[in-house]
Structures are given as C-alpha cells and as structure tokens.
Amino acid sequence: MPELPEVETFVRQLRPACVGQRIAGVTLRWPRHIATPGPRQFRRRIRGQVITALDRRGKFLVFSLTTDALLIHLKMSGDLQVVPNGKPGKHDHTIFHFEDNTELRFNDTRKFGRVYLVGNPDEVTGGLGPEPLARSFTADKLGDLLAARRRPLKPLLLDQTVLAGVGNIYADEALHRARLHPQRRSDSLAPVEVRALWRSLRRTLNLAIRHNGSSIDWMYRGGEHQNHLRVYGRAGEPCLTCGKPIRHITLGGRSTHFCPHCQRL
DNA sequence: CCACCGTCCTGGCTGC
DNA sequence: TGCAGCCAGGACGGTG
C-alpha cells in the first residue's frame, strides 16, 4: 500500500504523538518483523531511548532516537497508530510501549514489513536514489538519471535506487500526467518530455500528500486521494483527458494502467 | 546491465 | 455455501 504520499502522511500524523516519547519496552509478537539486530538485542538496545525526531526517507519512516535510528518499512500492508495501552489486535505484530502509557502499534497483515534499529540510518537508506520532492531534485537531475539507463520508464520509476518513494500507483499516475507510455525507453526522452515527467511526478506526489494519500480496499484508512486517481484501478473506464478506455497490462511483473491514446510509444 | 521469476504472507474477491 | 485459484500498494535474491 504505502508509497511516498502515504508514508509522508503517517509521519505527519504520528509526529506529535511520538516525538518526545521514551520507549519503555517493546513487544515482539512476530520476531521476524525485526530485520536487524536480533530480537533479543533489539529489545535490550531500544529500551530507554527517547524519540527525538520523525522523518521520511523514500518509503521508510525514520525515527531518530537518543543514540540510534529506528526505521520502519510498511511494505504492502503495514499500518501504524499510537493508542492507549491495551489488548493488541490479531495483526499488531510489533508494539513499542511508551512511558506515558500509550503505544505505537505496527499492524501488518501480510507480514512483509520490516523494522531496523541501527546506529546510522544510512546503513538502511544509503542505497536509495534522490527524493523526488527535494528542492535539489531538478529536471536536469531527472534527465541524467533517465539517460544513464536504458529501461522502460515504469520499472525505472519503481526502482528505489534510481528514485526514492515512487510505487506502483503513483508511477502510473505520473506517467499519465506526463503523457508518456510506461514502456517508453528512459534514454529516448526529449528535454521537453523529461521536464513534463519531472513536473508530473512532483504534481502527482504533492497532490496525493494534500489528500493524505490513497486508501484502497480495506487497507490504509484516512486518505482520500483514491478519489482522484486518473488511471490506477480504472481499467476500461474513460480516460479523464480524452475519454478513451484505460488499458491494463502487466509490465515488469507489475500491474500497469495507461491510456493508449494519450500515452503513445 | 537488465529481464524475469520465485519468495516472503494474508485475506478478499471471483467463478465454478 | 464451499472452496480453489487469483490477485494485491514492495523488494530481494537467483538465474539466464
């Protein structure tokens, strides 16, 4: 579920409830949730640390602690909330207990999510590409990234080492806004097309953040950007630009939606 | 360098 | 109704 806009929404909503909290302990109900270090050491090392900041890098939530960094990746089905101490739900696999008797619950139906406790967040996020919404991410930078590879645009946008935070929904949305075919080779774009993609990426992500992300199916409640999607999940429905039906294909193993009329090869 | 596939998991939906 | 099969926002490792 969560891509950059959803993770950004989590960060903004959780920040007031988390920053300043001292972690009294953790409950690991499914220890494989912890990517590093081992569960025993994780428990011992995190106890007593205070959350001093909460930020986002790509699709990772990054909690700065007194001496370490706690990173959480929600993958497909992860959900986070701070609630008063209480009985955990079926899929609350990892729980951080705060000293004020509230707790941060990592609910994760499919158990794909992961938790990292490291000295330096770069140990986890070091390989990520640039943040698409950073001021330093210019159209020229995007042009360089695209020209350096010769891959179809869609899989390229999903590659977190190229660009951080874009997932399956927003890749489709940004490509449609830019009127670029998902299979278009990345090194074939004219400067004006690079600029269009750069603008559409930022517009798409910023708009989704403004809507608190997308809530699809039963996962991730709260966002309303699903009501503004232009192609994702709209196979067969009319393109909002030209009225022709949206097509659904599989590309690089991922479900892909586009308008064959607006986005030509 | 890149494409493709299986793998990690659960559960909702579809069609027989 | 029951149930097998398919599908899903992500990402990694192995193979060719």
Side-chain angles (χ1 to χ4, degrees), chain A residues 1-11 29-36 56-61 71-80 88-94 106-116 123-129 132 145-176 182-188 204-205 208-209 211-236 248-257:
Chain A
M1 160 252 325
E3 305 181 25
L4 188 156
E6 290 77 31
V7 177
E8 181 65 28
T9 302
F10 273 123
V11 164
R29 304 178 67 225
W30 193 73
R32 279 204 279 165
H33 232 180
I34 312 302
T36 187
R56 180 191 58 75
R57 176 76 173 96
K59 299 174 193 169
F60 287 91
L61 291 104
L71 289 87
I72 296 182
H73 198 304
L74 301 167
K75 289 285 180 80
M76 302 280 268
S77 62
D79 187 17
L80 292 168
K90 182 178 179 188
H91 300 296
D92 293 329
H93 301 305
T94 299
F106 184 4
N107 182 287
D108 187 16
T109 305
R110 288 176 72 181
K111 299 180 173 173
F112 284 177
R114 288 297 179 265
V115 179
Y116 307 75
E123 292 173 45
V124 180
T125 59
L128 292 180
L145 291 177
L146 297 175
R149 322 258 178 147
R150 42 188 69 190
R151 299 172 62 185
L153 287 173
K154 170 80 186 278
L156 189 91
L157 291 177
L158 294 182
D159 187 336
Q160 301 297 299
T161 68
V162 175
L163 197 58
V166 177
N168 206 37
I169 294 176
Y170 298 109
D172 283 2
E173 295 296 303
L175 287 170
H176 181 263
Q183 283 176 302
R184 183 72 181 281
R185 252 180 64 159
S186 60
D187 58 346
S188 75
T204 298
L205 296 170
I209 290 172
H211 291 139
N212 296 318
S214 302
S215 311
I216 293 183
D217 292 344
W218 75 102
M219 300 185 214
Y220 182 73
R221 321 214 178 265
E224 63 118 354
H225 189 68
Q226 69 279 5
N227 301 321
H228 303 267
L229 296 175
R230 301 159 67 88
V231 285
Y232 186 86
R234 297 192 62 245
H248 177 267
I249 61 172
T250 298
L251 217 181
R254 306 300 300 278
S255 177
T256 298
H257 314 71

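Throughout, protein chains are lettered first and strands after them, A, B, ... in sequence-line order, and every chain is numbered starting at 1.
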Enquirer: Rounded to whole Å, how long is the line connecting atom NE2 of A:H93 with atom C1' of B:dC9?
Expert: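 Roughly 9 Å, once rounded to whole Å.
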Enquirer: Does C:dG14 have a Watson-Crick or wobble mate here (both distances under 3.5 Å), and if so which one?
Expert: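 Pairing partner: B:dC4.
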Enquirer: Without decimals, in angstroms, what is the distance between A:R254 CZ and C:dC6 P?
Expert: 19 Å
Enquirer: Between A:R32 and B:dC9, is there a side-chain N or O to OP1/OP2 distance below 4.0 Å?
Expert: yes
Enquirer: A:H73 NE2 to C:dG9 P: how many Å, rounded?
Expert: 14 Å
Enquirer: Atom CG of A:L153 to atom P of B:dA3: distance rounded to whole Å?
Expert: 12 Å
Enquirer: Quick one: is A:K59 getting a side-chain N or O under 4.0 Å of the C:dG9 phosphate, OP1 or OP2?
Expert: no
Enquirer: Round to a whole Å and report the spacing from CZ of A:R114 to C1' of C:dA11.
Expert: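 In whole Å, C:dA11 C1' and A:R114 CZ are 11 Å from each other.
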Enquirer: Let's test your reading of the model: under 3.5 Å, does the base of B:dA3 pair with the side chain of A:R151 as donor and acceptor?
Expert: no
Enquirer: Would you mind telling me which of C:dG9, C:dA11, B:dG11 lies closest to the side-chain atoms of A:N168?
Expert: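 That would be C:dG9.
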Enquirer: For C:dC3 versus B:dC9, give the span between their P atoms, rounded off to a whole number of Å.
Expert: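 The same atom, P, in both gives a distance of 25 Å.
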Enquirer: Taking 4.0 Å as the cut-off, does a side-chain nitrogen or oxygen of A:K90 come that near to OP1 or OP2 on B:dT10?
Expert: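 So the side-chain polar atoms of A:K90 never come under 4.0 Å of the phosphate oxygens OP1 or OP2 of B:dT10.
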Enquirer: Rounded to whole Å, how long is the line connecting atom CH2 of A:W30 with atom P of B:dT10?
Expert: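 Rounded to whole Å, this separation is 8 Å.
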Enquirer: Just to confirm, is there a sub-4.0 Å distance from OP1 or OP2 of C:dA8 to any side-chain nitrogen or oxygen of A:S255?
Expert: yes
Enquirer: Kindly determine whether A:D159 and A:R151 satisfy salt bridge (charged side-chain N to carboxylate O under 4.0 Å, His left out), including the steps that lead there.
Expert: CA-CA 11 Å; A:D159 187 336; A:R151 299 172 62 185; 3.0 Å; yes
Enquirer: Using whole Å, report how far NE2 of A:H33 lies from P of C:dG10.
Expert: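 To the nearest whole Å, that distance equals 16 Å.
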Enquirer: For A:H33 and A:F106, run ring pair (Phe, Tyr, Trp, His ring centres under 6.0 Å): C-alpha distance rounded to whole Å, both residues' side-chain angles, the deciding distance at 0.1 Å, then the answer.
Expert: CA-CA 9 Å; A:H33 232 180; A:F106 184 4; 4.2 Å; yes
Enquirer: Side-chain donor-acceptor pair under 3.5 Å between A:R254 and A:T250, yes or no?
Expert: no
Enquirer: Under 3.5 Å for both donor-acceptor distances, Watson-Crick or wobble: does C:dG9 have a partner, and if so which one?
Expert: none
Enquirer: Would you mind calling B:dG6 syn or anti? Take O4'-C1'-N9-C4 for purines or O4'-C1'-N1-C2 for pyrimidines, and syn is within 90° of 0.
Expert: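 It is anti.
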Enquirer: Picking from B:dC9, C:dA11, C:dG9, which would you name as closest to the side chain of A:Q160?
Expert: C:dA11
Enquirer: Is it the case that atom CZ in A:R29 sees more than 12 heavy atoms from other parts of the structure closer than 6.0 Å?
Expert: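 Yes, the 6.0 Å shell around CZ holds more than 12 heavy atoms from other groups.
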Enquirer: Does the aromatic ring of A:F112 sit over the six-membered base ring of C:dA11, closer than 5.5 Å centre to centre and tilted less than 30°?
Expert: no
Enquirer: Classify the ring geometry of A:H73 against A:F60: parallel below 30°, tilted from 30° to 60°, perpendicular beyond 60°.
Expert: perpendicular
Enquirer: Counting just side-chain N and O atoms, does A:K111 come under 4.0 Å of either OP1 or OP2 of B:dT10?
Expert: yes
Enquirer: From the list C:dG10, B:dC2, C:dA8, which nucleotide is the closest neighbour of the side chain of A:Y232?
Expert: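 Nearest to the side-chain atoms of A:Y232, counting from C-beta on, is C:dA8.
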Enquirer: With a non-hydrogen cut-off below 4.0 angstrom, is A:G253 in contact with a base, only sugar-phosphate, or nothing?
Expert: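 If one applies the 4.0 Å heavy-atom cut-off, A:G253 turns out to touch nothing in the nucleic acid.
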Enquirer: For residues A:K59 and A:V166, report the shortest heavy-atom separation together with the two atoms involved.
Expert: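 Here A:K59 and A:V166 meet closest at NZ-O, 3.4 Å.
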Enquirer: How long is the line joining CG of A:L156 and P of B:dC2, in whole Å?
Expert: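 Answer to the nearest Å: 8 Å.
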Enquirer: Do any side-chain nitrogens or oxygens of A:H91 fall under 4.0 Å of OP1 or OP2 in B:dT10?
Expert: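 No, no such contact exists.
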Enquirer: Please tell me which of the listed nucleotides, C:dG10, B:dC2, B:dC9, lies nearest to the side chain of A:R110?
Expert: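 Shortest atom-to-atom distance from the side chain points to B:dC9.
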Enquirer: Rounding to an integer number of angstrom, what distance separates C:dT1 and B:dG11 when you compare their P atoms?
Expert: 22 Å
Enquirer: Do A:P182 and A:D172 come within less than 4.5 Å of each other through their side chains, counting heavy atoms only?
Expert: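 Heavy-atom side-chain distance check fails, nothing below 4.5 Å.
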Enquirer: Choose from B:dG11, C:dA8, C:dG10 the nucleotide whose nearest atom is closest to any side-chain atom of A:T109.
Expert: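 Per side-chain heavy atoms of A:T109, the pick is B:dG11.
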